[in-house]
Q: 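Here it is: the structure, laid out below.
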Amino acid sequence: MRPLLPVLLFAACTSGPTEPESADVFGAERETQSGTYLVSVAFDPDPPGMSDLFTARATLKDSAGVPIEDATVSLNATMPHHGHGMMTSPRDEPGVCDDDGTCTHPGGVYETSGFKFHMGGPWTVAVIVTGPNGVDDVTYIYDMQ
Amino acid sequence: MRPLIVGLVLITGCASELVDTSPPGEWTASERSKLQRLRLPEAWPADLSNPRGTEDALIGLGGILFFDPGLSSNDQVSCGTCHKPEHNFSDVTPLSRGLGETNRHTPSIVGSQQGPWFYWDGRADSLWSQALSPMEHPAEMAGDRVSIVRYVATHHAESLERAYGEVPDVTDLTRFPERARPAATGDQAWMARAWDTMSPADQLIINTEFAKLGKAIAAYESTLMPTEAPFDRYVDAVLSGDSTGGGHLTDEQVLGLDVFLGKGQCTLCHNGPLFTDRAFHNNGVAESRPGYDPGRRSGAPIVLGSPFNCRGVFSEQEQCDELDYLDPSFDDFQSAFKTPSLRYVDQTAPYFHNGSHETLDDVVAFYDTLPGSPAVGHRELTLKPLGLTATERSGVVAFLSSLTGEPVQP
Ligand SMILES: [Cu+2]
């Protein structure tokens with residue numbers, strides 16, 4: 001069921017910072033703000049339990065849809081309307097690293113562990129990509145129940 | 001569950017526009033899934049910090065220790081002095097009173113094994129390590145670990161042996177002083193000096209035995225779990241398609257539940273089967289004494305530095321993710337306190353971390369109007385005056401009493 005009324009209210013009452021422009025399903029593949037990359041996001045486990053630690057996972061592709069395995073991807077989450085982030089210090093996992101410390105992310109999958117949503121309501125999940133085509137980012141909104 | 005973005009931002013961004021069009025007792029799909037999450041589970045997750053915590057021998061020893069005032073320095077204060085069974089294991093006084101008065105209210109321990117943080121400020125990360133500090137706190141039991149270990153080995157040797165297979169010999173007063181504990185200050189500093197005279201090996205013996213006592217008490221406390229309440233039976237009926245909810249709630253309680261889930265937005269924090277998000281929030285309740293209570297701001301560094309935390313040598317837990325990922329500098333920890341469970345909440349007056357509100361009517365009125373502001377930090381921004389009617393207020397209070405099951409037996 002897709003309620004129409006909330007869309008109108010959304011437009012009428014939102015004054016907060018960067019909100020996603022389209023009403024996508026959470027985490028679905030989207031272009032980053034400047035159109036540089038394609039990013040999707042998933043949680044493990046899904047849905048995360050209230051105040052349980054979980055892992056956030058971003059899949060990164062170039063605009064042609066080819067996975068990018070050697071970028072730096074950082075994930076974080078905040079509640080902008082409440083002026084706070086998470087009570088944890090999440091860790092961007094290095095991926096698969098060889099002996100000389102060079103790391104890659106097979107399939108373009110980047111993981112950040114230590115996520116925790118400690119209250120219900122809308123969380124803004126930000127993905128910042130530093131990759132071969134420069135820095136770009138995308139945000140999603142996840143409704144924690 | 002893949003929520004739509006559209007419905008989300010308005011939930012908190014403009015709560016006043018949030019219109020719950022369904023009348024009380026007719027639940028939307030979203031409300032039904034909320035009800036499901038609030039229901040008691042079939043089984044609770046195990047306490048990973050206490051692998052032997054379900055063994056009868058530990059539970060038996062723990063029950064004895066919990067109610068034994070002999071563990072305190074004046075032989076008059078036990079865990080059960082403040083965690084009164086007839087009061088759902090909480091206390092009737094605003095602030096806890098042992099040998100002295102603490103600065104916070106005694107919370108109920110029913111369901112408390114569900115962690116991951118313990119105390120109002122989360123300064124312990126396991127139930128067993130939590131159980132240790134009141135024994136030595138000057139305002140609570142004012143004991144010391146050396147004499148406590150010796151006392152239990154002497155007075156409860158049989159139960160101790162049944163639980164742990166052996167009874168330590170700590171009778172040599174040249175190695176184990178009459179009374180000694182680390183980090184004692186003020187007029188108890190002499191106990192810290194006595195502790196410092198002990199060899200590291202003997203200190204380790206005492207700490208190891210002391211931790212075992214905490215694990216036994218935690219084993220006992222883990223048996224104190226909430227039982228099914230009228231609310232749970234109501235949810236079962238509703239989810240099985242009985243729109244009357246089986247008659248398990250009164251009309252007034254159903255109205256209150258509707259406010260609890262909707263207009264009141266109570267489930268933003270009071271969520272899950274214990275009606276708590278197990279997190280920390282500054283609700284801006286006024287201090288009842290001069291100064292201010294930093295709450296989680298001071299609790300986080302304490303748990304990170306505790307020798308009895310998950311990373312310590314007395315821990316049997318392999319993964320310490322909660323501790324590893326904890327950000328002690330999180331801004332909103334300032335004067336934030338752990339969201340308490342609402343199970344049996346009508347049995348646990350007074351309310352809030354400082355026991356400053358006498359009745360549930362007072363509490364609901366507080367959240368309705370949000371008087372005052374916190375001494376430091378800022379009130380959780382999701383809290384907005386609710387504008388409840390008198391009927392809605394009393395409905396919420398009536399609903400809260402539906403969370404009380406059969407009394408939890410000691
Ligand atoms: Cu928030």
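In the text below, chain A, chain B and the rest are named by the order of the sequence lines, each starting its count at 1. Source: prediction; values computed, not measured.
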Q: Closest heavy-atom contact between B/Thr382 and A/Met119?
A: CG2-CE, 3.6 Å
Q: Hey, does B/Tyr325 have a side-chain heavy atom less than 4.5 Å from the side chain of A/Lys116?
A: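 No, side chains not in contact.
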Q: Report which part of B/Phe330 has an atom under 4.5 Å of a heavy atom belonging to chain A: side chain, backbone, both, or neither.
A: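 The side chain, not the backbone.
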Q: Closer than 4.0 angstrom, basic N to acidic O: yes or no for B/Asp324 and A/Arg91?
A: no
Q: For a quick test of reading the model, state the closest non-hydrogen atom pair linking A/Met50 to B/Asp277 and the distance between them.
A: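 That closest heavy-atom pairing would be CG-CB, 3.5 Å.
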Q: Is it true that atom CG of A/Asp100 has more than 12 heavy atoms of other residues, nucleotides or ligands lying nearer than 6.0 Å?
A: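 Yes - once you tally the heavy atoms of other residues, nucleotides and ligands closer than 6.0 Å, there are more than 12.
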Q: Name the region of B/Asp321, side chain, backbone, both or neither, that has any atom closer than 4.5 Å to a heavy atom of chain A.
A: both
Q: I'd like to know if the side chain of A/Thr88 reaches the main chain of B/Leu326, judged simply by a donor and an acceptor atom lying under 3.5 Å from each other, with no hydrogens or angles considered.
A: no
Q: Identify which part of B/Phe280 has an atom lying under 4.5 Å from any heavy atom of chain A, answering side chain, backbone, both or neither.
A: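 Contact with chain A involves both backbone and side-chain atoms of B/Phe280.
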Q: For a side chain to side chain contact (heavy atoms under 4.5 Å, CB included) check, start with the C-alpha distance between A/Gln145 and B/Thr267, then their side-chain angles and the critical distance, and finish with the verdict.
A: CA-CA 8 Å; A/Gln145 294 286 335; B/Thr267 54; over 6 Å; no
Q: Mind ranking B/Glu322, B/Lys34, B/Arg296 by heavy-atom pairs under 4.5 Å with chain A and telling me who comes out on top?
A: B/Glu322
Q: Sort A/Met144 into side chain, backbone, both or neither according to what part of it lies under 4.5 angstrom from a heavy atom of chain B.
A: neither
Q: What distance separates A/His118 NE2 from B/Asp332 CG, expressed to the nearest 0.5 Å?
A: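 Nearest 0.5 Å value for the NE2-CG distance: 7.0 Å.
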Q: Testing A/His82, A/His81, A/His84, A/Met79 one by one against B/Leu381 for a side-chain contact (heavy atoms from CB on, under 4.5 Å), which residue passes?
A: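 Answer to the side-chain contact (heavy atoms from CB on, under 4.5 Å) test with B/Leu381 among A/His82, A/His81, A/His84, A/Met79: A/His82.
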